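Beneath this line is the structure, given in C-alpha cells, with notes to follow.
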2 protein chains.
Amino acid sequence: MNFEQLKEKTRSIINKVSTISEGSLDLVSDLIVIEIYEKGDVFIDRGKRNHKEYFVFEGVCRSFLLSPEGEEVTISFFLEDSVLSPNKTRTANQISHLNFQALTKLTVASLNADKFEQLMINHLDIREFGNMVLQNELLAKVEKEIGLASLNAKERLILFREKYHFLENLISHVDIASYLGITNVSLSRLRKSLIA
Amino acid sequence: MNFEQLKEKTRSIINKVSTISEGSLDLVSDLIVIEIYEKGDVFIDRGKRNHKEYFVFEGVCRSFLLSPEGEEVTISFFLEDSVLSPNKTRTANQISHLNFQALTKLTVASLNADKFEQLMINHLDIREFGNMVLQNELLAKVEKEIGLASLNAKERLILFREKYHFLENLISHVDIASYLGITNVSLSRLRKSLIA
DNA sequence: CTCATCCTTTAACAAATGTTAATGGATTTG
DNA sequence: CAAATCCATTAACATTTGTTAAAGGATGAG
C-alpha cells in the first residue's frame with residue numbers, strides 16, 4: 001500500500017465520522033504505521049503499555065476482558081473501516097486495561113497517540129473528529145448497557161443481528177455469546193428459536 | 001456559599017481526580033454557577049440542549065433512559081463530591097441523549113462546556129483532569145458491562161454494595177434494580193437471601 | 001392524627017437461562 | 001488421507017429471574 005492509497009483509505013474512514021480538511025488529512029496520514037495481524041493474535045494486552053490510536057483497514061477485531069471467574073468477556077467488536085476506541089478511553093497512564101484481538105486477518109493503521117492528541121489540540125476539524133469518535137463510543141456503550149439491563153437474550157440477539165449482521169457467520173459463537181451476556185449453549189438455543 | 005467556599009469545594013472535587021494549579025483552579029471556579037434541585041427533579045432532559053459540565057456539591061443523582069418497553073433504566077449514579085459525565089460523552093450536537101435526575105436534594109456546580117473545553121485546550125493540568133474524568137467514566141462503564149454480561153444478579157448486588165453501600169438505604173429500590181438489570185421483586189428476593 | 005399513596009416484601013407459578021454431557025460436523029495438523 | 005481438535009447443536013435437568021397479585025409498612029398531605 002503506497003502513501004496515496006493509505007491516505008484515501010484514511011480519508012474514507014475519517015469522513016464516515018466527521019469531515020476534515022485536506023491539510024489535516026495529510027497531517028494524520030503522516031503519522032500512520034501499518035500493522036498486520038493473524039486471526040487470533042492479541043495485539044493490545046491488558047496491563048501493558050499502549051500509546052497508539054488505530055484505524056481498522058481490513059478485518060474484524062474485538063476488545064475483551066476476563067471476568068472474575070476467569071472467562072473471556074467480549075466488550076466490543078470493531079469492523080473494517082472503523083476507528084478503535086480512543087487511547088484515552090482504554091488506558092490509564094498509557095497502560096491498557098483491555099485486551100484487543102484480531103478475529104480475522106487484520107490490517108490496522110496505528111498512530112502515536114500523543115502526536116494525535118497534539119493534532120487535536122491544534123486543529124479544530126481533527127478535534128471534532130476525535131470528539132465524534134468519543135461520542136460514538138459512549139453512545140454505543142450506553143446502548144449496549146440498556147440492552148443488557150432491560151432486554152432478554154432473544155431481543156439482544158435480534159439487535160446484534162441488525163448491527164453486526166455478517167459477524168454471526170464469520171467469528172466464533174463463543175465470542176458473540178459473551179458479548180450478549182449468555183452462554184454459547186443459550187445462543188445456539190436462541191438461534192434455533194429464531195429460525196421459525 | 002461565597003466564592004472562597006465554592007473554590008475550596010471545587011478544589012477538593014478536582015483534586016480527588018487529578019491535581020491542578022492554583023491559577024487553573026481560579027479559572028475553573030470563575031465559570032461556576034450554582035444550581036439547586038429538589039428530590040425527583042429531572043435537570044437534564046434527553047432530546048434537549050445541554051451545554052454544561054457539572055460537579056456534584058451535595059446530594060445524589062442518576063442518569064437514566066427509557067428501554068424499548070418504556071421502562072426507566074438507571075445507567076449511572078453520581079455521588080456527592082463527584083464529577084458528572086463530561087458533556088461530550090452524553091450529548092450529540094449539544095443535544096442530550098440521557099436524562100439526569102436528582103435522587104435527593106441536590107446542589108451542583110455548572111460550567112459552560114465550551115468555555116471549559118477552551119480551558120482544557122489551553123491548560124495542560126486542566127486537560128489532564130478532564131481526560132482523567134473521561135477515563136474513569138469509561139472504566140466504570142466497562143466494569144459495569146462485565147458485571148451485566150458475566151455475573152449473576154446476586155454477585156452484581158454484592159459489587160453494588162461494595163461501591164455504593166449507603167445508597168441502598170437512601171434511594172428507591174426500583175432505581176437500584178434497573179441499574180442492576182433486574183426487577184425490584186428480584187432485588188427484594190436477593191436482599192433476603194443475602195441476610196443469611 | 002388519619003387517610004391516601006407509594007414502596008418493599010412475600011408467595012406461587014411461569015419463563016428464561018445455566019450446567020453438564022453427548023453427538024456430529026468442520027477444520028487443522030501431522 | 002487420517003487423526004485430532006475445535007466448535008455448534010441438542011437434550012435433560014437445575015437454577016435463576018420474571019410476572020402477577022396480595023399484604024404490610026413507611027411516608028407525606030390535608
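In what follows, chains are A, B, ... by sequence order, proteins preceding strands, each numbered from 1. In this text, all values refer to a predicted model and were calculated from it rather than measured experimentally.
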Review point. Within the structure, does a side-chain N or O atom of A:Arg191 lie under 4.0 Å from either OP1 or OP2 of D:dA8?
Key: no

Point to revise | Any side-chain donor near an acceptor of the partner, A:Thr74 and A:Ser178, under 3.5 Å | key: yes

Review point. Does the ring centre of A:Phe100 sit less than 6.0 Å away from the ring centre of A:Tyr54?
Key: no

Practice item. Check each of A:Ile158, A:Leu157, A:Leu159 against A:Arg161 using the side chain to side chain contact (heavy atoms under 4.5 Å, CB included) test, and report the only one that passes. Key: A:Leu157

Review point. Which whole-number value in Å describes the distance from B:Ile182 CD1 to C:dT17 P?
Key: 15 Å

**Study point:** d(CG, A:Leu190; P, D:dT10) in whole Å
**Key:** 12 Å

Study note, to complete from the structure: Whole-Å distance, B:Lys154 NZ to D:dT15 P, equals 12 Å

**Study point:** Chi angles and distances behind the salt bridge (charged side-chain N to carboxylate O under 4.0 Å, His left out) call for A:Lys7, A:Glu22
**Key:** CA-CA 10 Å; A:Lys7 190 175 145 187; A:Glu22 197 66 21; 3.1 Å; yes

Review point. Would you say A:Glu155's side chain and A:Asn152's backbone share a donor-acceptor pair under 3.5 angstrom?
Key: yes

With the criterion being N/O to N/O and under 3.5 Å, what pairs connect the protein with nucleotides 19-24 of chain C, and how long is each?
none

Exercise for review: Could you check how far NZ of A:Lys192 sits from C1' of D:dT10, rounded to whole Å?
Suggested key: 7 Å

Review point. Which residues, ordered by chain and number, are linked to A:Leu66 in its hydrophobic cluster, where ILVMFWY side chains connect at heavy-atom gaps below 4.5 Å, directly or through other members?
Key: none

Review point. Between B:Leu157 (CG) and D:dT17 (P), how many Å, whole number?
Key: 11 Å

**Study point:** Stepwise side chain to side chain donor-acceptor pair (under 3.5 Å) test for A:Arg191 and A:Ser188
**Key:** CA-CA 5 Å; A:Arg191 280 162 53 81; A:Ser188 178; 5.6 Å; no

Interface polar pairs with nucleotides 23-30 of chain D, N/O, under 3.5 angstrom:
none

Point to revise | Residues B:Lys9 and B:Glu58 bridged, charged N to O under 4.0 Å | key: no

